Q: 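Input: one structure, supplied below.
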There are 2 protein chains.
Amino acid sequence: MSKQTNTLQRFIKHRAKYGLKSSDKRTFVVDFFIKAGRHFTVEELYNEIKKQKSGISYSTVYRALKLLKQWDLANESMFGDSITRYEPVDKSEHHDHLVCQECGRIIEFENGKIEKLQYDVAQQYGFTVSAHRLELYGLCRKCKKKVRRP
Amino acid sequence: MSKQTNTLQRFIKHRAKYGLKSSDKRTFVVDFFIKAGRHFTVEELYNEIKKQKSGISYSTVYRALKLLKQWDLANESMFGDSITRYEPVDKSEHHDHLVCQECGRIIEFENGKIEKLQYDVAQQYGFTVSAHRLELYGLCRKCKKKVRRP
DNA sequence: TCAATTATGAAAATGAATTTCAATTTCATC
DNA sequence: GATGAAATTGAAATTCATTTTCATAATTGA
Ligand SMILES: [Mn+2]
Ligand SMILES: [Mn+2]
Ligand SMILES: [Zn+2]
Ligand SMILES: [Zn+2]
């Protein structure tokens, strides 16, 4: 079972648990978002969905993302431009982000050593960590080449 | 020369460079903020200033912080609650944050090893880092005790 | 089918931040 | 000290992303 399928199934489980109904529109939004498996702003998601299916409003997109977030099936990030981005969550993995300030590309990475050191730092301050956020901002490989080109 | 004095002098230099004028109100806001040397929301800063001096509007506080940010004399952070916080910048040092989700306390730390590993990760992806953000969210020592108390 | 309840879209409301604009203040020059 | 050009200010208006409202439509279990 792919991780997307798993996330979808968890959505359906939560939906049932809270007595919510299954509508075509919400289902389309959730499916599309989870299957895409990448970061979206609400606007981006709305526009890409509109290409494939008409008659889905911003409200519905906002509401679907809100549910996904509530149920830990989506992560919310703000990469310093006051535009919220969402990405589907694969419960089994964590990752941090490299954000290109030129083209907006988002690269994901995991680094166990960094995570361990974070834990150590927290301990030094008697602090219990329940979540963290690590983002590196700069220039991706492609943009570096462009910027340097005379 | 204290770091606060240095930051203030840099403010004055920038102000001159751009032909801006010296007003009592802006001066008070900037002085207060830099001398406090800690994180503020705009509302917090506005309210604390009001205690000491009357007749300074939100606009003036917002505008002062905007200048400080532009001139790299203040950092802007959003610790996941969609409230922007500002802190004066000491150009010579960098630090990351531990954020208590219970009481809002913000602890600052530096860790050279983490910074080095971040740089290594970026290199792996051909990425040039110009800034980063690392925040650890959880419970501070005090709040941990409180929460556990029956 | 029939309720009861949830979902939906359009419009209104919200809230932080910015902008506008008329009035005030600063400051270099006289 | 007076003058005037330019910056500053406060209050109100505006912006923009997001949330809420509310009337209508769709879903679901009986
Ligand atoms: Mn990601
Ligand atoms: Mn800090
Ligand atoms: Zn790029
Ligand atoms: Zn605390």
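Just so it is clear: chains get the letters A, B, ... in the order the sequence lines come, proteins before strands, and each one is counted from 1. Values in this document were obtained by computation on a predicted structure and should not be read as measured data.
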Q: With nearest nucleotides of DNA chain C determined for A/Ile56 and B/Arg15 from heavy-atom distances, which residue corresponds to the more 5′ nucleotide?
A: A/Ile56

Q: Is a donor from one side chain sitting under 3.5 angstrom from an acceptor on the other, for A/Lys144 and B/Thr128?
A: yes

Q: Tell me if the centroids of the rings in B/Tyr137 and A/His132 come within less than 6.0 Å of each other.
A: no

Q: In whole angstrom, what separates B/Leu20's CG from C/dA28's P?
A: 13 Å

Q: What's the CZ-P distance between A/Arg26 and D/dT28, to the nearest Å?
A: 11 Å

Q: Apply side-chain contact (heavy atoms from CB on, under 4.5 Å) to B/Arg141 and A/Phe127, showing your working.
A: CA-CA 6 Å; B/Arg141 205 191 307 263; A/Phe127 199 96; over 6 Å; no

Q: Check whether any side-chain N or O of A/Ser57 sits under 4.0 Å from OP1 or OP2 of C/dG9, and answer yes or no.
A: yes

Q: Take A/Leu8 and A/Lys35, measure what side-chain contact (heavy atoms from CB on, under 4.5 Å) needs, and give me the verdict at the end.
A: CA-CA 9 Å; A/Leu8 264 171; A/Lys35 285 178 184 156; 4.1 Å; yes

Q: Please figure out whether B/Ser22 or A/Asp24 has its closest DNA chain D nucleotide nearer the 5' end.
A: B/Ser22

Q: What about the rings of A/Tyr58 and A/Tyr46, do their centers lie closer together than 6.0 Å?
A: yes

Q: Whole angstroms only, please: what is the CZ-C1' distance between A/Phe79 and D/dA17?
A: 17 Å

Q: Just how far, in rounded Å, is C1' of D/dA7 from CG of B/Leu67?
A: 11 Å

Q: Taking it one step at a time, do B/Glu44 and B/His39 satisfy side-chain hydrogen bond (donor to acceptor under 3.5 Å, both in side chains)?
A: CA-CA 9 Å; B/Glu44 282 164 359; B/His39 290 255; over 6 Å; no

Q: Within the pair B/Lys25 and D/dG10, is there a side-chain N or O less than 4.0 Å away from OP1 or OP2?
A: yes

Q: Nearest whole Å is fine: how far is C/dT8 P from A/Ile49 CD1?
A: 12 Å

Q: Main chain of B/Glu43, side chain of B/Asn47: is a donor-acceptor contact present, judged purely on distance under 3.5 Å?
A: yes

Q: Would you give a per-nucleotide map of nucleotides 12-22 of chain C, 5' to 3', where B means the base has a protein non-hydrogen atom under 4.0 Å away, S means only the sugar-phosphate does, and - means neither?
A: ----SBBBB--

Q: In whole angstroms, how far is the P atom of D/dG10 from the NZ atom of B/Lys53?
A: 10 Å

Q: Rounded to whole angstrom units, what separation is found between the CG atom of A/Asp81 and the P atom of D/dC16?
A: 15 Å

Q: Whole Å only: how far is the CD1 atom of B/Ile12 from the P atom of C/dT26?
A: 16 Å

